Amino acid sequence: MEMNARRLFSVKLNDGYFMPTLGLGTSAPHEVAKSKVEEAIETAIDVGYRHIDSAYVYLNEVEVGRAIQKKIADGTVKRDDIFLTSKLWASFSCPELVQSSLEMSLRKLQLSYVDLFLIHFPTALKPGEEILPKDSHRKLIFDRMDLGSVWEALEKCKEAGLAKSIGVSNFNCRQLKMILNKSGLKYKPVCNQVECHLYLNQSKLLEFCKSEDIVLTACAALGSDPRKHWVSQDNPVLLEDPVLNVIAEKHQRTPAQVALRYQLQRGVVVLAKSFTEKRIRENFQVFDFQLTPEDMETLDGLNRNMRYLKFSLFADHPDYPFYDEY
Ligand code: NDP
């Protein structure tokens, strides 16, 4: 019964595990107190979220782990009810550092495994613990990833039971194919987590991922947060889009709920970050209404291939993913 309830709002991954289709994002601007993520996760688990998206580089894995441990200790959930993602940071993107970096995350999280471990970016940085290694001219020191060997190191993490599933993030189609065509591939990536919303609906990448039984996970699905210094400041505010607002009004829902529902109906797993209780609840109320095919078509029409997350720091990197069409 419990397993069925869990599967109801989940998608089966190409390695047989299930991933809940709506997840809580945990990346916040630096000025937000770390305790906020802990409170948000506790609230979210109480509300019914079972998928939490984290990463080494969000620098809040201690708080993420503490919140999960608290909800396990008070009997709300068991460890295997929760689907937790972590990500390999760019300065650990060499085969020797993959497992040790995951183990470092697991120690912070106080967990023995993550459900999903992703290569965060295809753009490697100089290996080491410095998150953004810079030279004497304050220029970021790039490195090239040997994608095949790094992927093999992730496969070993899966086989060691440290990660149930493995995947990638911010990969374009060509970079995904480099893994898929790798000789001796043991496990395909289960997902590619990328920016995806009404203004960047990723329809071509989505079609490719579907053809390969890879889940596309949408981040920044609500248009992200311009308070983060790495988010473009000059873009229109997604949730204020007039067409989106008309459709939301018609369904007596909020623009955020429609933006999330849109992704679920096109087979995309969607993340929504909120540290505000009211919005955490609101964003979860997306399983009890349906957008019509006409609504979906209208929403598809909002696409303008516009990125909130350009990650310009990496723009000169030879493996910068966003120069390809998709
Ligand atoms: P989102 O698109 O999820 O938007 C978050 C912003 O929207 C916050 O400012 C939040 O405010 C606000 N918000 C949330 N719910 C509502 C609502 N119902 N109505 C109005 N505003 C709302 O942005 P993120 O960039 O955080 O992306 C989601 C997650 O995806 C991240 O947290 C992270 O886990 C992941 N991610 C991964 C990336 C990658 O490279 N793989 C890149 C970017 C994100 P408030 O908190 O105040 O409620």
Side-chain angles (χ1 to χ4, degrees), residues 22-33 36-37 39-41 43-44 47 49 51-61 63-64 83-90 93 114 116-123 167-172 189 191-200 202 215-233 235 237-241 244-245 248 253-263 268-286 306-314 320-322:
L22 174 69
L24 182 81
T26 62
S27 141
H30 296 317
E31 64 270 22
V32 173
K36 288 277 174 202
V37 74
E39 288 166 27
I41 291 175
T43 304
V47 165
Y49 289 75
H51 174 171
I52 294 154
D53 181 76
S54 75
Y56 176 87
V57 80
Y58 302 163
L59 303 177
N60 56 15
E61 287 176 307
E63 290 77 11
V64 169
F83 187 100
L84 178 71
T85 300
S86 187
K87 308 185 192 97
L88 177 77
W89 178 239
S93 299
V114 293
L116 179 59
F117 191 44
L118 304 178
I119 301 179
H120 203 151
F121 282 97
T123 47
V168 298
S169 175
N170 297 302
F171 272 46
N172 63 32
C191 87
N192 186 17
Q193 185 183 120
V194 293
E195 176 175 355
C196 180
H197 44 72
L198 295 165
Y199 290 163
L200 179 72
Q202 301 275 21
V215 166
L216 190 147
T217 302
C219 64
L222 302 172
S224 200
D225 180 350
R227 289 176 306 168
K228 293 178 186 170
H229 65 79
W230 58 95
V231 172
S232 299
Q233 306 294 312
N235 288 347
V237 178
L238 186 84
L239 297 181
E240 290 176 2
D241 183 276
L244 170 64
N245 276 265
R253 296 287 168 152
T254 65
Q257 288 170 326
V258 172
L260 298 173
R261 180 73 206 177
Y262 167 74
Q263 301 293 1
V268 167
V269 167
V270 67
L271 303 174
K273 175 263 170 184
S274 179
F275 290 178
T276 315
E277 180 171 347
K278 182 175 161 291
R279 289 166 168 178
I280 292 172
R281 291 183 183 282
E282 175 185 322
N283 296 343
F284 200 68
Q285 301 308 312
V286 289
M306 196 203 77
R307 284 183 190 280
Y308 289 97
L309 310 169
K310 296 196 183 80
F311 298 112
S312 312
L313 267 178
F314 295 127
Y320 183 73
F322 306 141

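Both ligands and their constituent atoms are indexed starting at 1 by order of listing. Remember, it's a predicted structure, so these values are computed and weren't measured experimentally. Quick note: numbers below take in every heavy atom, side chains included, and nothing from hydrogens, waters or symmetry partners.
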Only heavy atoms of Tyr58, strictly under 4.0 Å: list the atoms of ligand 1 that pass. 33 (C), 34 (O), 35 (C), 36 (N), 37 (C), 38 (C)
Tell me whether Ala220 has any N or O atom under 3.5 angstrom from an N or O of ligand 1. yes
Which one holds for Thr254 and ligand 1: side chain close, backbone close, both close, or neither close, with close meaning a heavy atom under 4.0 Å? neither
Winner among Pro255, Pro29, Ser224 once heavy atoms are compared against atom 25 (O) of ligand 1: Ser224
Can you label the angle between the Phe284 ring and the Tyr49 ring as parallel, tilted or perpendicular, going by 30° and 60°? tilted
So do the side chains of Lys310 and Tyr308 get within less than 4.5 Å of each other, counting heavy atoms only? no
Residue-level breakdown please: for Val194 versus ligand 1, do any non-hydrogen atoms fall below 4.0 Å on the side chain, on the backbone, on both, or on neither? neither
Do Val270 and Tyr262 make a side-chain contact, defined as non-hydrogen atoms from C-beta onward lying under 4.5 Å apart? no
Would you mind running through ligand 1 and noting each atom that sits below 4.0 Å from a heavy atom of Ala256? 17 (C), 18 (N), 19 (N)
Do you know which of Thr26, Val114, Leu24 makes side-chain contact (heavy atoms from CB on, under 4.5 Å) with Ser54? Thr26
Nearest non-hydrogen contact to atom 44 (C) of ligand 1 from the set Ala259, Ala221, Cys219 belongs to Cys219
Under 4.0 Å from ligand 1, counting heavy atoms only, is it the side chain of Lys273, its backbone, both or neither? both
Tyr199 and Asn235: side-chain donor and acceptor closer than 3.5 Å? no
Please identify which atoms of ligand 1 are closer than 4.0 Å to at least one heavy atom of Asp53. 33 (C), 34 (O), 35 (C)
Qualifying residues under side-chain hydrogen bond (donor to acceptor under 3.5 Å, both in side chains), relative to Glu277, sequence neighbours excluded: Arg281
Honestly, for His120 the part within reach of ligand 1 (heavy atoms, under 4.0 Å) is side chain
I'd like to check which ligand 1 atoms, numbered from 1 as shown, lie under 4.0 Å from a non-hydrogen atom of Gln193. 35 (C), 36 (N), 37 (C), 38 (C), 39 (C), 41 (N)
Heavy-atom check, side chain of Gln202 versus side chain of Val268, under 4.5 Å: no
Do the non-hydrogen side-chain atoms of Asn170 and His120 ever get within less than 4.5 Å of each other? yes
Ligand 1 to Ala272 polar contact by distance, N or O atoms, under 3.5 Å: no
Any donor-acceptor pair under 3.5 Å from Thr217 side chain to Gln193 backbone: no
Side-chain contact, heavy-atom cut-off 4.5 Å: Leu200 with His197? yes
Is it the side chain, the backbone, both or neither of Ser54 that has a heavy atom closer than 4.0 Å to ligand 1? neither
With the side chain counted from C-beta on, respond yes when Asp225 and Pro29 share a heavy-atom pair under 4.5 Å apart, and no when they do not. yes
Which part of Tyr308 is near ligand 1, with near meaning a heavy atom under 4.0 Å away: side chain, backbone, both or neither? neither
Numbering the atoms of ligand 1 from 1, which are under 4.0 Å from a heavy atom of Gly25? 29 (C), 31 (C), 32 (O), 34 (O)
Flag Ser274 as yes when one of its N or O atoms lies below 3.5 Å from any N or O atom of ligand 1, and as no otherwise. yes
Can you list the ligand 1 atoms lying under 4.0 Å from a non-hydrogen atom of Ser27? 26 (O), 31 (C), 32 (O), 33 (C), 34 (O)
Report yes if some N/O of Gly223 lies less than 3.5 Å from some N/O of ligand 1; otherwise report no. yes
For Tyr320, what residues pass the ring-ring contact (aromatic ring centres under 6.0 Å, His included) criterion, not counting sequence neighbours? Phe322, Tyr323
Is there a donor-acceptor contact under 3.5 Å from the side chain of Thr43 to the main chain of Glu39? yes
Show me which atoms of ligand 1 lie under 4.0 Å from any heavy atom of Asn170. 39 (C), 40 (O), 41 (N)
Quick one: does Phe311 get an N or O within less than 3.5 Å of an N or O on ligand 1? no
Any atoms of ligand 1 less than 4.0 Å from a non-hydrogen atom of Leu309? List them with their elements. 42 (C), 43 (C)
Counting only heavy atoms closer than 4.0 Å, does ligand 1 sit against the backbone of Leu118, its side chain, both, or neither? neither
